[in-house]
*Asks:* 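Sharing a structure here in structure tokens format.
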Amino acid sequence: QVQLVESGGGLVQSGDSLRLSCAASGRTFTIYAMGWFRQAPGKEREFVAAISWNGADKYYADSAKGRFTISRENGKNTMDLQMTGLRPEDTAVYYCATYLPTYPFDRYSDYAMYETWGLGTRVTVYS
């Protein structure tokens, strides 16, 4: 099984940018589609962005479109989330996860379709 570690979170001002990274180790990284989710205090975990195993297909939540960019480098076993124009409502713990490898990548926004999760990295945006 793959292990995931997120990094790159921090305390930033509204309008700033952050780049989150997800480093994978263990099982072959390239078999997995991947996703980013976030969870704000008192709220449910929500989908942010997802990427297919080869990076050809990318999907975003409406809240992330135009501001966030998901990418991956299979040769380095990493996946990133570049976030720009951050807002206070982006404040949350951000998690990366691997999509169930035997299922079609059509339920990418459903957290139940993801099997392995990192521990998260905290992003706090102040106005």
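In what follows, residues are counted from 1 in the order of the sequence shown. The basis for the numbers below is simple: all heavy atoms, side chains too, and nothing from hydrogens, waters or symmetry mates.
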*Asks:* Is there a side-chain contact between Trp117 and Leu4 (heavy atoms, below 4.5 Å)?
*Replies:* no
*Asks:* Looking at Asp90 and Arg87, is any side-chain nitrogen of the basic one under 4.0 Å from a carboxylate oxygen of the acidic one?
*Replies:* no
*Asks:* Heavy-atom distance under 4.5 Å between the side chains of Leu81 and Met83, does that happen here?
*Replies:* yes
*Asks:* Is the positively charged end of Arg72 above the ring of Trp53, judged by distance under 6.0 angstrom from the centroid and angle within 45° of the axis?
*Replies:* no
*Asks:* Can you find a heavy atom in the side chain of Met79 that is under 4.5 Å from one in the side chain of Cys96?
*Replies:* yes
*Asks:* Can you name the closest pair of heavy atoms from Ser17 and Gly85 and give their distance?
*Replies:* OG-N, 4.3 Å
*Asks:* Check for a donor-acceptor pair, side chain of Thr124 on one end and backbone N or O of Leu11 on the other, with a separation under 3.5 Å.
*Replies:* no
*Asks:* Would the Tyr99 and Phe105 ring centres measure less than 6.0 Å apart?
*Replies:* yes
*Asks:* With respect to Phe47, which candidate in Tyr114, Tyr94, Tyr108, Phe68 satisfies the ring pair (Phe, Tyr, Trp, His ring centres under 6.0 Å) definition?
*Replies:* Tyr108
*Asks:* Can you check whether Gln82's main-chain N or O pairs, donor with acceptor, with Asp80's side chain at less than 3.5 Å?
*Replies:* no
*Asks:* Could you go through Gln1 and Thr116, starting from their C-alpha distance and side-chain angles, then the distance that decides it, and tell me whether this counts as side chain to side chain donor-acceptor pair (under 3.5 Å)?
*Replies:* CA-CA 8 Å; Gln1 189 158 349; Thr116 300; 2.8 Å; yes
*Asks:* Rounded at 0.5 Å granularity, tell me how far CG in Asn77 sits from CD in Gln3.
*Replies:* 11.0 Å
*Asks:* Can you tell me how far the SG atom of Cys22 sits from the CD1 atom of Ile70, to the nearest 0.5 Å?
*Replies:* 9.5 Å
*Asks:* Hey, what do you get for CG (Leu86) to OG (Ser14), rounding to the nearest 0.5 Å?
*Replies:* 8.0 Å
*Asks:* Decide yes or no for Tyr95 and Arg38: does some side-chain heavy atom of the first lie under 4.5 Å from some side-chain heavy atom of the second?
*Replies:* no
*Asks:* Side chain of Thr121, backbone of Gly9: donor and acceptor closer than 3.5 Å?
*Replies:* yes
*Asks:* Judged by atom type as modelled, is there a donor-acceptor pair below 3.5 Å linking the side chain of Gln39 to the main-chain atoms of Glu46?
*Replies:* no
*Asks:* Assess the residue pair Tyr60 and Val48 against the criterion (side-chain contact (heavy atoms from CB on, under 4.5 Å)); give the C-alpha distance rounded to whole Å, side-chain angles, the decisive distance to 0.1 Å, and a yes or no.
*Replies:* CA-CA 6 Å; Tyr60 298 92; Val48 177; over 6 Å; no
*Asks:* Taking atom NZ of Lys76 as the centre, report whether more than 12 heavy atoms of other residues, nucleotides or ligands fall under 6.0 Å from it.
*Replies:* no
*Asks:* Take a 6.0 Å sphere around CD of Gln13 and say whether it holds more than 12 heavy atoms from other residues, nucleotides or ligands.
*Replies:* yes
*Asks:* Classify the angle between the aromatic ring planes of Phe37 and Tyr111 as parallel (below 30°), tilted (30 to 60°) or perpendicular (above 60°).
*Replies:* perpendicular
*Asks:* Starting at CE of Met113, measure out to CG of Leu100 and round the result to the nearest 0.5 Å.
*Replies:* 5.0 Å
*Asks:* What is the distance from atom OG1 of Thr84 to atom CZ of Arg19, rounded to the nearest 0.5 Å?
*Replies:* 11.0 Å
*Asks:* Mind listing the closest non-hydrogen atom pair of Asn54 and Asn74 along with its distance?
*Replies:* CA-ND2, 4.2 Å
*Asks:* Looking only at non-hydrogen atoms, find the nearest pair between Thr91 and Val125 and report the distance.
*Replies:* OG1-N, 2.9 Å
